[in-house]
Amino acid sequence: MANGDLIKLGTLYLNGIRKARPTRPWSSDQKPPGVLDDGDITIYSAGNTIEIRNTDADDAYKIQWREVTIDGKKLLICDRNILSNVSWNDLNAQGLIFGKSVTIDGQKFKLRVLTGGTNYRNTNDSFSGGTPTSNEWDRIIVNEGNFSGLPQPSPSDLDGNIDSTDFTGVHNNFWNWWGVFSRCQDTYSPQLGNRVVRGGASTPRYFEWNAADSRYYRGCWRPVLEKEPPAVTVTTTNNQTLSEGSVFSITGSASGVDNGDVLTVKYKINSGTVRNIASGVVNGTPLSFAKNLTFSGKRLRDGTTEVTVDLAENVDHTLTVWAED
């Protein structure tokens, strides 16, 4: 998998009823240029329970995501808004703003929304983007991070004029931002009762805000799945008195990644050098690993390589083992 890949995973349920993926992902109270139909994003009603369950067999009910790896995290960002007329408070009450743990088709994720900045980049200029510029919306959707595999907005997308070129353009067809606001995590810093929304006008860079309890058709939910790190089970040689030539063993298994992913198990002692224990392609079964370290001269060694500077007596030392995919 790579940045920009389209992945179909999970199905939206509202109050226990499955909902189809919107095929007209714009607001139900407007029509894009040259289009005869209003949008068909599912409309939220107060008190509805929002869930993403396992992937339905019918393609019409499969949610579509774009894969992005950013700051060492694998994100699946919905390629469109899938719920409208929903407030920030509605989403937050169900843990869907900052993240809740979910399992979809056996994979574990944190389900949340993007960050979008806390204020206008330029004073009161909605078309300038958000600040701080490290926010995920500008880095990923507007692609200020220059991610390969993701489209760059065209000059027309950024000019602030609403026209058919924006609607039919490559960037909008990839991210579907035209005519709907995507709710973000952030509080609008000058007015703490308001929350940030992005997109929705004539440009993906558009920055706006509204009340945390505001419900309206263009206020929508674009979910994000953040892949949780692989699960690692570790066994070590416990309560062992190390003497010259004795062996300290690290064994275990790692799991919780997609079939076909390469999983690498790593370790370090104290703040020492990070070293690999094992690496392999995972296909339905956990990756087993084992490492024997030899104690010599008050140091643990991986073969002839020294992995600790000095294991002083009567001092706590920390072994850290983790996995990356």
Side-chain angles (χ1 to χ4, degrees), residues 12 21-22 24-33 35 38-46 48 50 63 66 77-94 96-98 112-121 124-131 135-144 153 157-163 166-167 169 171-191 193-224:
L12 173 66
R21 179 180 69 251
R24 303 188 302 276
W26 52 87
S27 173
S28 61
D29 66 346
Q30 64 175 336
K31 297 178 178 64
V35 176
D38 294 329
D40 66 349
I41 301 175
T42 296
I43 297 173
Y44 174 84
S45 295
N48 284 171
I50 305 166
I63 301 173
R66 296 290 183 178
I77 303 171
C78 200
D79 75 338
R80 65 197 66 197
N81 287 282
I82 60 173
L83 196 62
S84 75
N85 204 44
V86 62
S87 74
W88 190 95
N89 282 351
D90 293 327
L91 296 171
N92 190 49
Q94 299 190 43
L96 302 176
I97 291 291
F98 300 105
R112 62 177 180 88
V113 296
L114 293 172
T115 61
T118 60
N119 205 343
Y120 302 98
R121 190 171 301 178
N124 295 329
D125 180 2
S126 292
F127 297 97
S128 64
T131 187
N135 74 80
E136 293 170 328
W137 184 274
D138 283 316
R139 290 179 69 192
I140 299 171
I141 307 298
V142 186
N143 203 9
E144 292 178 354
D157 292 329
L158 300 176
D159 64 10
N161 296 319
I162 299 175
D163 54 38
D166 302 333
F167 176 70
H171 195 269
N172 183 61
N173 277 284
F174 193 91
W175 287 119
N176 297 290
W177 46 262
W178 194 97
V180 280
F181 292 114
S182 295
R183 296 205 173 278
C184 295
Q185 292 184 10
D186 315 74
T187 296
Y188 176 52
S189 57
Q191 299 176 13
N194 292 315
R195 303 293 183 265
V196 169
V197 294
R198 299 299 305 269
S202 60
T203 171
R205 189 179 283 166
Y206 198 81
F207 178 96
E208 193 52 85
W209 47 268
N210 53 52
D213 61 357
S214 173
R215 294 192 191 107
Y216 64 114
Y217 290 119
R218 299 184 192 184
C220 296
W221 181 47
R222 181 193 295 267
V224 174

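Numbers for residues simply follow the sequence, beginning at 1.
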Side-chain touch Ile82/Pro22, heavy atoms, less than 4.5 angstrom: yes

Nearest atoms (heavy-atom pairs only) where Tyr206 meets Glu208: OH-OE1, 3.4 Å

Side-chain heavy-atom pair Leu91, Ile50 within 4.5 angstrom cut-off: yes

Test item: Pro223 and Leu96 side chains (from C-beta on) under 4.5 Å apart, heavy atoms: no

Check: Asn176 and Trp26 side chains under 4.5 Å, non-hydrogen atoms: no

Partner residues of Asn85 under the side chain to side chain contact (heavy atoms under 4.5 Å, CB included) criterion, sequence neighbours left out: Ile43, Arg215, Tyr217

Trp175 side chain reached by Pro204 side chain, heavy atoms, under 4.5 Å: no

Full working for side-chain contact (heavy atoms from CB on, under 4.5 Å) between Ser214 and Ser87: CA-CA 5 Å; Ser214 173; Ser87 74; 5.5 Å; no

Check ion pair Asp29-Arg218 (N to O, under 4.0 angstrom): yes

Side chains of Thr203 and Pro153 in contact at under 4.5 Å (non-hydrogen atoms): no

Asp163 side chain vs Asp166 backbone, donor-acceptor pair below 3.5 Å: yes

Exam field: side chain Asp40 to backbone Arg24, donor-acceptor pair closer than 3.5 Å: yes

Heavy-atom pair of closest approach, residues Trp177 and Asn172: N-OD1, 3.0 Å

N/O donor-acceptor pair under 3.5 Å between His171 side chain and Ile141 backbone: yes

Nearest heavy atoms of Arg80 and Pro25, plus distance in Å: CB-CB, 3.9 Å

Reported CD1-to-OG distance for the pair Ile41 and Ser84, which is rounded to 0.5 angstrom: 5.5 Å

Criterion side-chain contact (heavy atoms from CB on, under 4.5 Å) against Arg198, the qualifying member of Thr115, Asp138, Leu114: Asp138

Trace of the side-chain contact (heavy atoms from CB on, under 4.5 Å) decision for Ser182 with Val113: CA-CA 9 Å; Ser182 295; Val113 296; over 6 Å; no

Shortest non-hydrogen separation from Ser126 to Tyr120 and the atoms involved: OG-CE2, 3.4 Å

Under 3.5 Å: donor-acceptor pair, side chain of Arg183, backbone of Val197: no

Phe174 and Asp79, any side-chain heavy atoms less than 4.5 Å apart: no

Short side-chain to backbone donor-acceptor contact, Arg222 and Ile77, under 3.5 Å: no

Verdict with reasoning, Val196 to Asn119, per side-chain contact (heavy atoms from CB on, under 4.5 Å): CA-CA 8 Å; Val196 169; Asn119 205 343; over 6 Å; no

Main-chain N/O of Trp209 paired with Asn194 side-chain donor or acceptor, under 3.5 Å: no

Any donor-acceptor N/O pair, Gln185 side chain to Gly116 backbone, under 3.5 Å: no

Minimal non-hydrogen separation, Trp88 against Cys184, with atom names: NE1-O, 3.1 Å

Plane angle bin for Tyr216 and Phe181 - parallel if under 30°, tilted between 30 and 60°, otherwise perpendicular: tilted

Ring centres under 6.0 angstrom apart (Tyr44, Trp221): no

Closest approach of Thr118 to Phe207 (non-hydrogen atoms, all atoms of both residues): C-CZ, 3.8 Å

Salt-bridge criterion met for Lys31 and Asp38 (N-O under 4.0 Å): yes

